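One structure below.
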Amino acid sequence: MKGRRRRQWLLAGLAGVMMAGAALSGCAGGGTGEPAGMQPPSEASGSAGEAAAAPKFGVDPLEFSFYSNYDFASPIGYGNDVTTKWLQENKKLNIVEIGSNGNAKQKFGAMVAAGDLPDVIMLDRGSPEYETMRKNGMLVPLDDYYAKYPVLRELVDDQTFNMLKAEDGHIYVIPNWFDSERNPYKYSNTGWTVNRKIYAELGKPELRTFDDLYDYLKKVKAKYPNVVPLETGMALSGINMLYKLIYAGYGDNRTIWNIGDVPAFPNMETKTLEPIFRDPAYKASYKFLNKLYREGLVTQDMFTQKLEQVQEKINSGRVAVTGLSNITGHGNTANAILQAKDPEAGYDYIPFLYDKGADPETVNPHTYGTLGWNVVIITKKADNPEQIFQFYDWWAGEDGQRINAFGPPGLLYDEVDENGAPIDNEKGKTITPQEKANLKLGLFNPLGSWLFYVIGHHKNAQNPETANWGNAASEFFGSFAKLNADQFNNMSIDPKSDLGIVEQQIRQIWHEANAKLVFAETDEAFEAVYAKLETDVTKAGYNKILAEKTNIWRANLEKMK
């Protein structure tokens, strides 16, 4: 902002996800699957006899039940795709999937009430569900397994490991999509893309500022009445990712992660979380989005549309510009489908757009963090918790992450290069985009580590002309991630506490106001909604929430010393 000392704007509650990793070495044609510097299991465990006594993943059969605690999560049909079929046949692994049925909160409550928890659960780190299970002794402590099996412990930074520990000193979680300070690459799945055919037909006008975007969208609407000028994707927790991208475009190192369910203004000089209303960009961003909505330049059902609707629009090429999360995944699939019919079709990623008054050098929308997106936990219902941990330890390493990204060996590759990246075999060289899309590689995605991006980077480097679009886009967007936001993790307040109840009330107020700010029919209506939002959350106890989270923030800083 002009006339002020520059502040850094960081995430309050969620660090950047899907980050990249440090260089690793692997043996061409196979290898151990261990990143450089890792010890063999016998050295890490201190007792080869103990390691031998436990069931061995990949040798002894392993079956466990798995539940992802998210409304959007649904079973993939384990065993029906090339990757999971290979795991069944070559690693003797079978996973029994449990769906959320579109209502994860209700499903989780029913499982707890019935005393019938699954063996493994994926959920948000520090969530109420996690704390309920931990405090009631339902989770398996993983300390000994981390010491015995070396891959995960080597990949997780020491500082990160300390922050993952629970209040009782034990660690119960395996981080998912975690980064490392040793990682020279940054990845993110969120950014701006343009439909290359539409963009070319409109003369490829400059697209750098929000003013440029506004002018371009008006041209799109005038010429292509059946095309969505700007696709916003789905809203999560009542917040649209497009709004976050606009907010980040006001510079001063604001990030897309700074706006959560209960937004805050992080004063990096005083280490105090202040009311977001002190930031002019917060209001300005909503005013711009409201303007786009009122003129029909963005998705009109942004708060109600489903994932399938978003995918259909993008895959059919009926979108001119996107500003949404996971565009790297959506775009990768869409490009394969569209280019199978027309080599000139598809989507191109572009630099982050910004307000004309912002310094482009301070438009750093992404943070990165070593704690990852969410976590995996093993419950005491599991018959073979150690063998389950072995699987995740193996999957986090080079072999697992290569399969995660490129499928099992023998399908599209038989050997790997000196960096662990697969070398295309004849089928890998000749397979069509549609045929590759039909393989559904990456559909089975139980855990991501930063080696996923290391291998992807080196695979793209083999032949930039045929580089995987999603990986290339992720690395491009991730290059804007300049700030480590680990200090803003673990910011949850116990929802059953008095303050937690207050936070839930404030979150609901904000949830309703987000949509009203976008849908306001006049400037006067917008101002009224905005003023009421500030009054209502302040009256409800907003400042108490900020004070408590300031204390948590400062405690995190102490842990990180």
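As the structure is a computational prediction, the values presented were derived from the model and not from experiment. Atoms considered below: every heavy atom in the structure, side chains included; atoms not considered: hydrogens, waters and symmetry mates.
Side-chain atoms of T160 never come within 3.5 Å of backbone atoms of D158 as a donor-acceptor pair (strictly under, hydrogens ignored). Side-chain N or O atoms of N176 include one that pairs as donor or acceptor with a backbone N or O of G448 at under 3.5 Å. At least one donor-acceptor pair under 3.5 Å links the side chain of T379 to the backbone N or O of P118. Judged purely by atom type and a 3.5 angstrom limit, N267 has no side-chain atom pairing as donor or acceptor with the backbone of K271. For T367 (side chain) and N484 (main-chain N/O), no donor-acceptor pair under 3.5 Å exists by modelled atom type. Looking only at distances, no side-chain donor or acceptor of Q159 sits under 3.5 Å from a matching main-chain atom of D486. Not a single donor-acceptor pair under 3.5 Å links the side chain of D179 to the backbone N or O of T370. With hydrogens and angles ignored, the 3.5 Å screen pairs a side-chain donor or acceptor of N90 with a backbone N or O of W86. A donor-acceptor pair under 3.5 Å is formed between the side chain of R254 and the backbone N or O of Y250.
Put simply, the side chain of E386 reaches to within 4.5 Å of the side chain of Y149, judged on heavy atoms. Proximity of Q462 to D424: side-chain heavy atoms (C-beta onward) are nowhere separated by under 4.5 Å. Proximity of N384 to D60: side-chain heavy atoms (C-beta onward) are nowhere separated by under 4.5 Å. Put simply, the side chain of L441 reaches to within 4.5 Å of the side chain of V82, judged on heavy atoms. Side-chain contact between K544 and V502 is absent, with no heavy-atom pair separated by less than 4.5 Å. Between Q387 and K56, every side-chain heavy-atom pair lies at or beyond the 4.5 Å cut-off.
Around CG of N94, the count of heavy atoms belonging to other residues, nucleotides or ligands within 6.0 Å exceeds 12.
For Y187 and E475, the side-chain atoms include at least one donor-acceptor pair closer than 3.5 Å. With hydrogens and angles left out, the side-chain atoms of Y247 and D279 include a donor and acceptor closer than 3.5 Å. The closest side-chain donor-acceptor pair between D71 and S100, if any, does not fall under 3.5 angstrom. Checking N253 against N364 by side-chain atom types alone, a donor-acceptor pair falls below 3.5 Å. For the residue pair T322 and T193, a side-chain donor N or O sits within less than 3.5 Å of a side-chain acceptor on the partner. Defined by atom type and a distance below 3.5 Å, a donor-acceptor pair is present between the side-chain atoms of N69 and Y67.
With respect to the salt-bridge test (charged N to carboxylate O, under 4.0 angstrom), the residues D393 and R153 do not qualify. Ion pairing between a basic and an acidic side chain is recognised when a charged N comes within 4.0 Å of a carboxylate O; R554 and E558 show no such pairing.
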Worksheet item: Stepwise, does the side chain to side chain contact (heavy atoms under 4.5 Å, CB included) test hold for L447 with I174?
Response: CA-CA 9 Å; L447 193 79; I174 301 172; 3.9 Å; yes
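Across F452, W450, Y185, a single residue satisfies ring-ring contact (aromatic ring centres under 6.0 Å, His included) together with H457, and that is Y185. The only member of Y354, F352, Y349 that meets ring-ring contact (aromatic ring centres under 6.0 Å, His included) when paired with F480 is F352.
At least one cation-pi condition fails for K91 and W395: the charged atom is not both under 6.0 angstrom from the six-membered ring centre and inside a 45 degree cone around its axis.
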